[in-house]
Structures are given as C-alpha cells and as structure tokens.
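First the structure, in the form of structure tokens, and then the observations on it.
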Amino acid sequence: MSSLLKVDNEIKTKVDAFRERITSEAEDLVANFFPKKLLELDHFLKDPIINICDLKEIHSEINLTVPDPILISDLHDGLEAQNAKKRKLEDGAGEDKIPGTKVFVMPGGMMKSNAKLVDLIEKVKPEIRTLIEKCNTVKMWVQLLIPRIEDGNNFGVSIQEETVAELRTVEGEAASYLDQISRYYITRAKLVSKIAKYPHVEDYRRTVTEIDEKEYISLKIIVSELRNQYVTLHDMILKNIEKIKRPRSSNTDALY
C-alpha cells in the first residue's frame with residue numbers, strides 16, 4: 001500500500017508520533033480521567049450552592065424605581081377632539097402602541113447581573129468545555145483505530161462506529177449547554193430593558209425572577225448530565241475495549 005502513495009519519511013514519523021500521543025492520552029482519559037471526573041461532579045452535585053431549596057435566595061434585586069405618574073390633561077374638546085382623533089388615525093398610530101419611558105441612562109449606573117447565578121455559571125462552564133475537549137480526543141483515538149474497509153468481519157468496526165457516534169452526540173449536547181447559557185443572558189437583558197422602559201409593569205419584574213429560577217434549575221440539570229455522560233462513556237468504552245482496539249480477529253484466532 002505504501003508504494004501506491006509516496007509519503008515523506010519525516011512527515012510520516014511526525015504523524016506516527018501524533019497517533020501515539022493521541023492513543024496514550026485517550027487511554028488515560030478513559031481509564032483514569034473519566035472515573036475521577038464523574039466522582040468529582042457527583043460530589044459537586046451535593047454542594048449547598050447547587051442545592052438551594054428556597055429559590056428566593058437566588059433572586060437578584062432590580063434597582064429600578066417606579067417614577068411618579070405623569071398627568072396629561074385632555075385639552076381637546078368637541079370638534080378639536082374629533083380632529084385630534086382623525087389626525088391620530090391618519091398618522092397610523094394604533095391605540096395599542098404604548099411608547100413607554102425613554103431610557104437615557106440607568107439611575108443606579110450599570111444594571112448588574114444576578115451575581116449568584118453568574119458565580120455558578122462560571123463554575124459550570126469550564127466543566128462543559130472540558131467534556132467537549134476530552135470527548136474530541138477520545139473520538140479521534142477511536143477513529144484512528146478503525147481499519148480499512150473490507151467485506152465481512154465488520155462487527156468490531158460497527159462497535160467502533162457506534163462509539164464515535166456516541167462521543168459526537170455528547171459533544172453536541174455539551175455545546176448546546178453553552179448556547180443555553182448565552183440565551184439566558186440575552187433573554188434576561190431584554191427583560192431588564194423592558195423594566196427600564198415600562199417600570200410600572202410588575203409582570204416584567206416577576207418574569208426576571210422566573211428566568212433566574214429556571215436557569216438555576218437548568219444549571220443543576222446540566223451538572224447532572226455532565227456526570228451521567230462521563231459514566232456512560234466510561235462504561236461503554238470499557239465494556240467494548242477489546243473490539244474497539246482490535247475490531248477484526250485474525251484468521252488464526254478464528255481457528256481456536
């Protein structure tokens with residue numbers, strides 16, 4: 001096969017060294033890192049910071065005061081009122097369009113995020129990134145173990161492919177957790193902007209607390225899922241390690 005494609009010896013040596021490094025690192029991840037990390041995350045799930053029962057403890061005060069109402073007297077009477085209404089309809093201004101309060105600057109300076117949730121997010125995000133990176137390494141290792149395509153005797157290869165598919169699924173799910181965190185910040189920012197514009201509407205304020213509570217619960221679920229994914233990958237690879245490392249048995253092995 002080497003005669004069909006000429007490969008520079010120096011490059012081939014470097015590629016072989018890369019394969020050996022990936023193999024060594026991936027085997028260590030499966031044998032040692034995965035079980036240690038699942039125990040670490042299991043311990044984290046028992047931490048008081050992620051087991052708050054009364055969710056009011058994670059609420060963040062919104063320092064936006066409700067301004068005094070502005071009284072607008074109706075100066076239009078009789079014909080003037082009819083003309084004013086006509087002008088309003090001609091301009092296309094609907095009755096349901098409420099302009100709200102113009103916001104030029106926040107009264108108390110910058111509106112802060114929910115500090116307790118930010119602290120928890122900053123602890124969870126590195127765990128998500130770690131899972132993505134380690135899965136990528138193990139996935140590369142299994143892909144490098146897949147032999148060339150042949151007819152028959154592909155049961156071990158199918159196990160390798162299923163393992164790669166599972167690793168790819170875990171990567172995708174972990175990446176979606178990061179998207180979920182970004183969506184939380186964007187959603188909360190929009191709601192706070194609504195509160196600044198419509199300070200008299202209590203529902204916007206209540207919605208912010210609901211969003212914070214939902215995110216807190218979601219973060220605990222994410223940590224639980226990270227732990228479960230480490231458990232699943234560790235168990236799956238260990239149970240099939242023989243077929244993953246040697247997907248095809250030789251003819252000699254088949255005789256005995």
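Index from 1, following the sequence. Keep in mind that what you see is a predicted model, and the values were worked out from it rather than measured.
For NZ of Lys243, the number of neighbouring non-hydrogen atoms (other residues, nucleotides, ligands) closer than 6.0 Å is greater than 12. For Gln143, the CD atom sits in a packed shell: over 12 heavy atoms of surrounding residues, nucleotides or ligands are nearer than 6.0 Å.
Listed here is the closest heavy atom pair of Pro147 and Pro247: CD-CG, 3.5 Å. Minimum heavy-atom separation, Ile52 to Tyr216: N-OH, 2.9 Å. Listed here is the closest heavy atom pair of Phe44 and Ile50: O-CG2, 3.5 Å.
In this structure a side-chain-to-backbone donor-acceptor pair under 3.5 Å is missing from Tyr230 to Leu41. With hydrogens and angles ignored, the 3.5 Å screen pairs a side-chain donor or acceptor of Asn154 with a backbone N or O of Glu150. Between the side chain of His234 and the main chain of Val30, a donor-acceptor pair closer than 3.5 Å is present. Judged by distance alone, with hydrogens and angles left aside, the side-chain atoms of Asp28 form no donor-acceptor pair with the main-chain N or O of Ser24 at under 3.5 Å. In this structure, the side chain of Ser176 engages the main chain of Glu173 through a donor-acceptor pair within 3.5 Å. Without hydrogens or angle criteria, Ser224 side chain to Lys220 main chain gives no donor-acceptor distance under 3.5 Å. Here the side chain of Asn136 pairs no donor or acceptor atom with the backbone of Ile132 at under 3.5 angstrom.
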Test side chain to side chain contact (heavy atoms under 4.5 Å, CB included) on Arg227 and Val223 and set out the steps.
CA-CA 6 Å; Arg227 179 202 60 186; Val223 176; 5.8 Å; no
One pair to check against side chain to side chain contact (heavy atoms under 4.5 Å, CB included): Leu226 and Tyr177. What are the steps and the verdict?
CA-CA 10 Å; Leu226 293 176; Tyr177 299 152; 4.1 Å; yes
Quick one, Tyr185 with Ser182, criterion side chain to side chain contact (heavy atoms under 4.5 Å, CB included). Give me CA distance, side-chain angles, the key distance, then yes/no.
CA-CA 5 Å; Tyr185 282 126; Ser182 299; 5.8 Å; no
Stepwise side chain to side chain contact (heavy atoms under 4.5 Å, CB included) check, Asn240 with Glu162
CA-CA 11 Å; Asn240 299 284; Glu162 288 180 14; over 6 Å; no
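Distance check, rounded to the nearest 0.5 Å: CG of Asn32 to NZ of Lys36 gives 5.5 Å. Residue Glu202 holds its CD atom at 10.5 Å from CD1 of Ile195, rounded to the nearest 0.5 Å. Taken from CZ in Arg168 to CD in Glu161, the straight-line distance is 10.0 Å, to the nearest 0.5 Å. Summarising the geometry, atom CD1 belonging to Ile211 is positioned 11.5 Å from atom CZ belonging to Arg183; distances are rounded to the nearest 0.5 Å. Rounding to the nearest 0.5 angstrom, the gap separating the CD1 atom in Ile221 from the CG atom in Leu45 is 11.0 Å. For the atom pair Ile222 CD1 and Leu178 CG, the distance stands at 8.5 Å (nearest 0.5 Å).
Inter-residue side-chain proximity for Ile181 and Ile128 is flagged as met; some heavy-atom pair is nearer than 4.5 Å. Side-chain contact between His43 and Asp47 is absent, with no heavy-atom pair separated by less than 4.5 Å. No side-chain heavy atom of Leu233 sits under 4.5 Å from any side-chain heavy atom of Val138. Annotation: side chain of Lys134 is in contact with side chain of Phe34 (closest heavy-atom distance under 4.5 Å). Two residues are said to be in side-chain contact when any heavy atoms from C-beta on lie closer than 4.5 Å; Val15 and Arg19 meet this criterion. Side chains of Glu215 and Asn114 form no contact here, defined as non-hydrogen atoms less than 4.5 Å apart. Put simply, the side chain of Leu117 reaches to within 4.5 Å of the side chain of Leu219, judged on heavy atoms. Within the 4.5 Å cutoff, the side chain of Ile217 has heavy atoms near those of the Leu55 side chain.
Hydrophobic clustering of Ile, Leu, Val, Met, Phe, Trp and Tyr side chains at less than 4.5 Å, counting indirect connections, unites Met140 with Ile159. Clustering ILVMFWY residues whenever any of their side-chain heavy atoms sit less than 4.5 angstrom apart, transitively, puts Phe33 in the very cluster that holds Leu131. Ile244 and Ile146 fall into different hydrophobic clusters, where Ile, Leu, Val, Met, Phe, Trp and Tyr residues are linked whenever their side-chain heavy atoms come under 4.5 Å apart, directly or through other members. Under the 4.5 Å side-chain heavy-atom criterion for Ile, Leu, Val, Met, Phe, Trp and Tyr, Leu145 and Phe18 are members of the same hydrophobic cluster. Placement of Val164 and Met236 in two distinct hydrophobic clusters is found when ILVMFWY residues are connected by side-chain heavy-atom separations under 4.5 Å, directly or transitively.
Of the options Lys56, Arg188, Arg205, Lys116, a salt bridge (charged side-chain N to carboxylate O under 4.0 Å, His left out) to Asp212 is made by Arg188 and by none of the others.
A salt bridge does not link Arg206 with Glu210: every distance from a Lys NZ or Arg NE/NH1/NH2 to an Asp or Glu carboxylate oxygen is 4.0 Å or more. Using a 4.0 Å cut-off between charged nitrogen and carboxylate oxygen, Glu40 and Lys37 count as a salt-bridge pair. Looking at Lys12 and Asp16, a side-chain N of the basic residue comes within less than 4.0 Å of a carboxylate O on the acidic one, giving a salt bridge.
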